[in-house]
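All values below come from the heavy atoms of this structure, side chains included, with hydrogens, waters and symmetry mates left out. A, B, ... follow the sequence lines: proteins, then strands. Residue 1 opens every chain.
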Amino acid sequence: MEMEKLVSLCKRRGFLFQSSEIYGGINGFWDYGPLGVELKRNVKEAWWRDMVTGHDDLSVADGAPETHSMVGLDCAIIMHPQVWKVSGHYDLFHDYMIDCRQSNKRYRHDQVLGRWVKRGDQRAFVTSMAGESVEDDLQQKALKLFRLRAKNVDELSWDGPVASLTTVDDFSQVLGPDAKELGTLTEPREFNLMYETHTGAMRDEKSKVFLRPETAQGIFVNFKNVLDSTRLKIPFGIAQIGKSFRNEITPRNFTFRSREFEQMEIEFFCHPDSSADWYKYWRDRRFRWYTDLGLAGERLRLRDHDPSELSHYSTGTADIEYAFPFFAEGEYGELEGVAHRGDFDLRSHSEGKLDPNTNPLEVEKDEHGQPRWRGSGKDLSYRDEVNNEKYIPHVIEPSAGADRATLAFLCEAYTEDEAPDDKGNMKTRTVLKLHPRLAPIKAAVFPLVKKDGMPEVAKQIYRDLKPHMNVFYDQKGAIGRRYRRQDEAGTPYCITVDGQTLEDETVTIRDRDSLEQWRVKVDEVVVEIQGRLSQ
RNA sequence: GCGGGUGUAGCUCAAUGGUAGAGCGACAGCCUUCCAAGCUGACGACGAGGGUUCGAUUCCCUUCACCCGCUCCA
């Protein structure tokens, strides 16, 4: 499937528009049109119903270690700035970046390592991104820079230890990691991946706040509130759907990487001893959610992170990925990450930001030995009244992208097949084979022709269906054209009033995918359609 | 942020330094008894801003957006 065709259809039929299009558009932002908003709402409502309101607290779910509860939350986009300092986003999202004018490569300022080297009266700071073999790499580069052979390595004299580029002020003596000559690096420039704004009318450093880059932290900081207000017992999950914002360096690939996007996140709190089992449960359950809604093909996969990719406090992370058409063959894009996060988040918000590189986890300290970012100081542990046990729960985090899921469902649904026209010639038909739960319009009602009392019967069927679902009525033009329009919108069923209706009070129902038609009594249409939609 | 490409009607495309054209779609009407049929009619565009020019959609500059490749992707 070519992506341009889907993008074109999305625009033409009102699924997706570029934001602020009449002003030339704005990079990284997208608007959902009349059909798109229904589709995305259906995705979110399916998630909310399947994860939260439809969840059975009393039964042990398939694959689950025991019963569990699910509740929802909806918190503010703007939170106390300390939330983002303790969560680690402030440090991670505030990078200084260096560009190389010669190689056109970009580096994190603090990640470029190098060492001063002299040969005669020439002096340079040679750099490398080589990681573990950095010293060898630096020597190679120094030899090359001074046009020396390996046997003349003695002519090099090193000045000081390997150090970060942050220790260097004058870049004119710096050899970039991929450069062939000195002084090709730009001055460090600040990259803010979190959007900033201000609270109150005063616009100064003290009033600075951030638009959240993820919804998860709102759940962590409300953990105690939820516990105190609900009589919930562990294990339970808190779910939230909401907008998040990241000032991505390169928004790309339609809505896949947007700067404003919507997340569907769960933080699931459990006892540390059962956390590995719960992780497996959520990983498999979330994967199944996508397959149940139609991403059943080979383009969807569950990828377990390699143990070497994991933080030591995590016993597992898996990505649910989809092979979007705009990726190269064999490449996948993340729809959802399911992560075992241990007690990292709750402890950080209690004790202060933990250093993820420590084991066991310790609070990250600044140069004065003080906590780098102070936590709330509140006790975020859980007390098990039955076993009289007190502990900090472990967290399983299934974090999904609502826009990415919506886009994946669209990509998967887009189909071109052949269908005959009224003369029997085969014509290309464009159809969105969306799962009925996700389809923006559930059914369309047509009179075969605009006379003989057919519109009146059809309008009544429309009115009968409307209280139950989104239905569309159309009496204009040829019947075939009306069917094709609904195919493009992904409407699963079309109901047609014809001449026979006037004799025996039956109508035809047409299936979008098979093009099959069958007759149903007029007063059984609602039950028939409802029954098929709930399958 | 870099390099390359592309911006003309809702969509797909055409032409032109001198009033911008088509197909499809959408709309109105006629006709139509099951898969984008036919006839008629009306609507509808040069991404934005500057410059050169008597005159710019066309040439130049800037900018914005999209696509491809790099980079980035906690």
Side-chain angles (χ1 to χ4, degrees), chain A residues 2-5 7-14 17-30 33 84 87-95 97-108 111 129 178 186 189 191 193-194 213-214 216 244 246-254 256-259 311 326-328 333-334 337 339 356 399 417-431 446-452 454 475-488 494-502 507-512 515-517 519:
Chain A
E2 297 120 90
M3 198 60 202
E4 301 87 71
K5 286 189 174 178
V7 174
S8 172
L9 182 139
C10 283
K11 167 100 194 278
R12 183 157 40 85
R13 295 307 309 266
F17 307 125
Q18 197 177 4
S19 171
S20 317
E21 197 195 83
I22 62 167
Y23 285 106
I26 179 165
N27 188 287
F29 299 90
W30 298 89
W84 306 111
S87 73
H89 290 85
Y90 183 84
D91 291 337
L92 277 166
F93 280 16
H94 278 72
D95 292 335
M97 307 293 285
I98 309 282
D99 289 316
C100 177
R101 297 186 192 94
Q102 189 174 63
S103 65
N104 286 328
K105 289 193 185 296
R106 171 174 292 166
Y107 317 96
R108 284 245 318 254
Q111 284 184 349
M129 300 294 287
D178 298 283
T186 62
R189 281 177 287 191
F191 276 68
L193 268 53
M194 279 200 292
E214 65 171 32
S244 292
R246 295 181 194 183
N247 201 355
E248 297 284 355
I249 295 170
T250 314
R252 270 291 163 91
N253 295 330
F254 208 19
F256 182 78
R257 174 161 293 118
S258 300
R259 288 179 165 140
S311 309
F326 40 73
F327 289 131
E334 182 182 341
S399 169
D417 63 13
E418 300 269 310
D421 67 10
D422 68 328
K423 302 204 170 53
N425 302 315
M426 296 309 277
K427 289 278 180 63
T428 300
R429 180 179 76 127
T430 302
V431 51
F446 309 140
L448 184 60
V449 289
K450 203 170 40 181
K451 61 180 184 186
D452 299 342
M454 293 182 206
Q475 62 177 24
K476 297 191 186 104
I479 188 74
R481 183 185 300 264
R482 285 178 267 161
Y483 284 142
R484 296 299 172 89
R485 274 199 285 252
Q486 293 305 315
D487 289 340
E488 268 193 355
C494 291
I495 299 146
T496 303
V497 173
D498 59 11
Q500 193 178 326
T501 307
L502 308 174
V507 293
T508 64
I509 298 180
R510 167 196 184 260
D511 179 83
R512 175 193 68 199
L515 301 180
E516 282 170 16
Q517 286 184 296
R519 298 201 77 90

salt_bridge(A:R482, A:D487) N-O dist < 4.0 Å: no
Ion pair A:D417/A:K427, N-O distance below 4.0 Å: no
Figure out the [atom1]/[atom2] separation between [X] and [N], and round it to whole Å.
| X | N | atom1 | atom2 | result |
| --- | --- | --- | --- | --- |
| A:K11 | B:rG25 | NZ | P | 18 Å |
| A:F446 | B:rA36 | CZ | P | 13 Å |
| A:R485 | B:rA36 | CZ | C1' | 8 Å |
| A:F17 | B:rC66 | CZ | C1' | 17 Å |
| A:R252 | B:rC67 | CZ | P | 7 Å |
| A:I249 | B:rU71 | CD1 | C1' | 8 Å |
| A:R13 | B:rA26 | CZ | P | 8 Å |
| A:R259 | B:rC72 | CZ | C1' | 12 Å |

Check: [N] base within 3.5 Å donor-acceptor of [X] side chain:
| X | N | value |
| --- | --- | --- |
| A:Y483 | B:rC34 | yes |
| A:E4 | B:rC67 | no |
| A:S8 | B:rC11 | no |

At 4.0 Å (heavy atoms only), tell me whether [X] reaches a base, stays on the sugar-phosphate, or touches nothing.
| X | value |
| --- | --- |
| A:D498 | base |
| A:R482 | nothing |
| A:E488 | base |
| A:F254 | sugar-phosphate |
| A:L515 | base |
| A:R510 | base |
| A:Q18 | sugar-phosphate |
| A:D452 | base |
| A:T496 | base |

The side chain of [X] lies closest to which of these nucleotides: [options]?
| X | options | answer |
| --- | --- | --- |
| A:L448 | B:rC34, B:rC66, B:rC68 | B:rC34 |
| A:K450 | B:rU32, B:rA28, B:rC72 | B:rU32 |
| A:N27 | B:rU32, B:rA65, B:rA36 | B:rA65 |
| A:R484 | B:rC34, B:rC72, B:rC35 | B:rC35 |
| A:R481 | B:rC35, B:rC70, B:rA36 | B:rA36 |

Under-4.0 Å side-chain N/O to phosphate OP1/OP2 contact, A:K451 with B:rU32: yes
Phosphate OP1/OP2 of B:rC35 contacted by A:R429 side-chain N/O (<4.0 Å): no
I'd like the [atom1] distance from [M] over to [N], given in whole Å.
| N | M | atom1 | result |
| --- | --- | --- | --- |
| B:rG7 | B:rC59 | P | 11 Å |
| B:rG29 | B:rU16 | C1' | 36 Å |
| B:rA26 | B:rA45 | C1' | 15 Å |
| B:rA28 | B:rU62 | C1' | 45 Å |
| B:rA56 | B:rC61 | C1' | 14 Å |
| B:rG25 | B:rC13 | C1' | 14 Å |
| B:rC60 | B:rG18 | P | 16 Å |
| B:rU57 | B:rA9 | P | 15 Å |

For A:S8, the option from A:K11, A:R12, A:K5 that meets side chain to side chain contact (heavy atoms under 4.5 Å, CB included): A:R12
Greater than 12 external heavy atoms within 6.0 Å of A:E418's CD: yes
Distance (rounded to the nearest 0.5 Å) between A:N27 CG and A:E248 CD: 11.0 Å
Pairwise distance OG1(A:T508) to CD(A:Q500) - rounded to 0.5 angstrom: 9.5 Å
Along RNA chain B (nearest heavy atom to each residue), the more 5'-positioned of A:P213 and A:F29: A:F29
Closest-nucleotide 5' rank along RNA chain B - winner of A:R12 and A:I22: A:R12
Dot-bracket encoding of pairs in RNA chain B, which uses [ ] for pseudoknotted crossings and | for another strand, Watson-Crick or G-U under 3.5 angstrom: (((((((..((((....[..))))..((((.......)))).....(((((..]....))))))))))))....
Ring center gap for A:F29 and A:F17 short of 6.0 angstrom: no
A:R13 side chain vs A:R485 backbone, donor-acceptor pair below 3.5 Å: yes
Exam field: side chain A:R512 to backbone A:V431, donor-acceptor pair closer than 3.5 Å: no
Worked verdict on A:F446 versus A:Q475 for side-chain contact (heavy atoms from CB on, under 4.5 Å): CA-CA 6 Å; A:F446 309 140; A:Q475 62 177 24; over 6 Å; no
